[in-house]
Amino acid sequence: MDEKDIQQENGAEQEPLNEEQAEAQNAENTEGEVFEAEDAETEAKAEETVEAKDPLTAAQEAAAEWEKKYLYKCAEMENLRKRTIKEKAELILNGGEKTVKAILPVIDDMERALANSENADAATLKEGMELIYKKFLKTLEGLGVNPIDTTDKDFDVNFHEAIAMVPGMGDDKKGKVIDCTEKGYTLNDKVIRYAKVAVGQ
């Protein structure tokens, strides 16, 4: 079989395209090329988007988020500070409320005693004052206030303030409290007033 016969056989298998068919085939080829170009452009844009979010942008976004959290915490701390100052001021102004309420009944007793003092004799008046005094000491004790005991005690700088030294009291009285001129008091085991005492020398 020569070349001419082969060409005739191929010609039999593939009929020559007319003009319309050739244009359609060219259009298909063009559309395929356009789609390929669009796909390439889309991929390029996606790559640009990924590349656009570089480490600097990510760091800036993270910094903005941390700044937002920081400002929120600062606002919380400022509110806490203002609330603490307010509570502290209220505590200073009204901190003695418990003490005042505890002392008011003693004041009531004293007012009643004064109101009836004109018709009472000295013995009755003294008895009433002693009762009020004991009640007052009991009230102070309930508030944590206690007198410092100085009877036959060794001089202690943690509780006593020496205002006089008394010589010639003997060796057994040396360094001991001889007399207390003003009572000392503690509040919850803390000295709020030292006892003023005379000490044997």
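Note: hydrogens, waters and symmetry copies are ignored here, and every other heavy atom, side chains too, is used.
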For residues 70-82, which side-chain N or O atoms pair as donor and acceptor with protein atoms under 3.5 Å away, sequence neighbours left out?
residue, atom, partner, partner atom, Å
Tyr72, OH, Glu76, OE2, 3.4
Glu78, OE1, Arg81, NE, 3.4
Glu78, OE2, Arg81, NH2, 2.7
Asn79, ND2, Ala75, O, 3.3

Handout entry: Any pair counted as side chain to side chain donor-acceptor pair (under 3.5 Å), so long as it reaches residues 95-114, sequence neighbours left out
Key = Glu97-Lys101, Asp109-Arg112, Asp109-Lys135

Handout entry: Those residues that, when tested against Met165, pass side-chain contact (heavy atoms from CB on, under 4.5 Å) (two or more places apart)
Key = Val199, Gln201

Problem - Side-chain heavy atoms of Glu61 within contact of Glu65, under 4.5 Å - result: no

Completion exercise
The side-chain contact (heavy atoms from CB on, under 4.5 Å) partners of Lys173 (sequence neighbours excluded) come to Asp152, Met169, Ile178

Completion exercise
Apart from Leu114 itself, its cluster of hydrophobic side chains linked below 4.5 Å comprises none

Handout entry: With sequence neighbours excluded, residues passing salt bridge (charged side-chain N to carboxylate O under 4.0 Å, His left out) with Asp154
Key = Lys176

Exercise for the section: For Ala164, enumerate each residue passing the side-chain contact (heavy atoms from CB on, under 4.5 Å) test, keeping only those at least two apart in sequence or located in another chain. Expected result: Ala198

Handout entry: side-chain hydrogen bond (donor to acceptor under 3.5 Å, both in side chains) partners of Asn158, counting only residues at least two apart
Key = Asp156

Practice task
Provide the closest heavy-atom pair for Ile148 versus Ala195 in the form atom of the first, atom of the second, distance.
Solution key: CD1-N, 4.4 Å

Problem - Partner set under side-chain contact (heavy atoms from CB on, under 4.5 Å) for Lys153, not counting sequence neighbours - result: Asp149, His160

Exercise for the section: List, by chain and then residue number, the residues other than Ile132 in its hydrophobic cluster (Ile/Leu/Val/Met/Phe/Trp/Tyr, side-chain heavy atoms under 4.5 Å); write none if there are no others. Expected result: Val100, Ile103, Leu104, Val106, Ile107, Met110, Phe136, Leu140, Val145, Tyr185, Leu187, Ile192

Fill in the blank from the handout: side chain to side chain donor-acceptor pair (under 3.5 Å) pairs touching residues 186-200, sequence neighbours excluded, are none

Practice task
Could you work out the complete set of other residues in the hydrophobic cluster of Trp66, with links drawn between I, L, V, M, F, W and Y side chains under 4.5 Å apart?
Solution key: none

Problem - NZ on Lys86 to CZ on Arg83, rounded to 0.5 Å - result: 10.0 Å

Handout entry: Atom pair OG1/NZ of Thr139 and Lys134 - distance to nearest 0.5 Å
Key = 14.0 Å

Completion exercise
Here the gap from Asp179 atom CG to Thr150 atom OG1, rounded to the nearest 0.5 Å, amounts to 8.0 Å

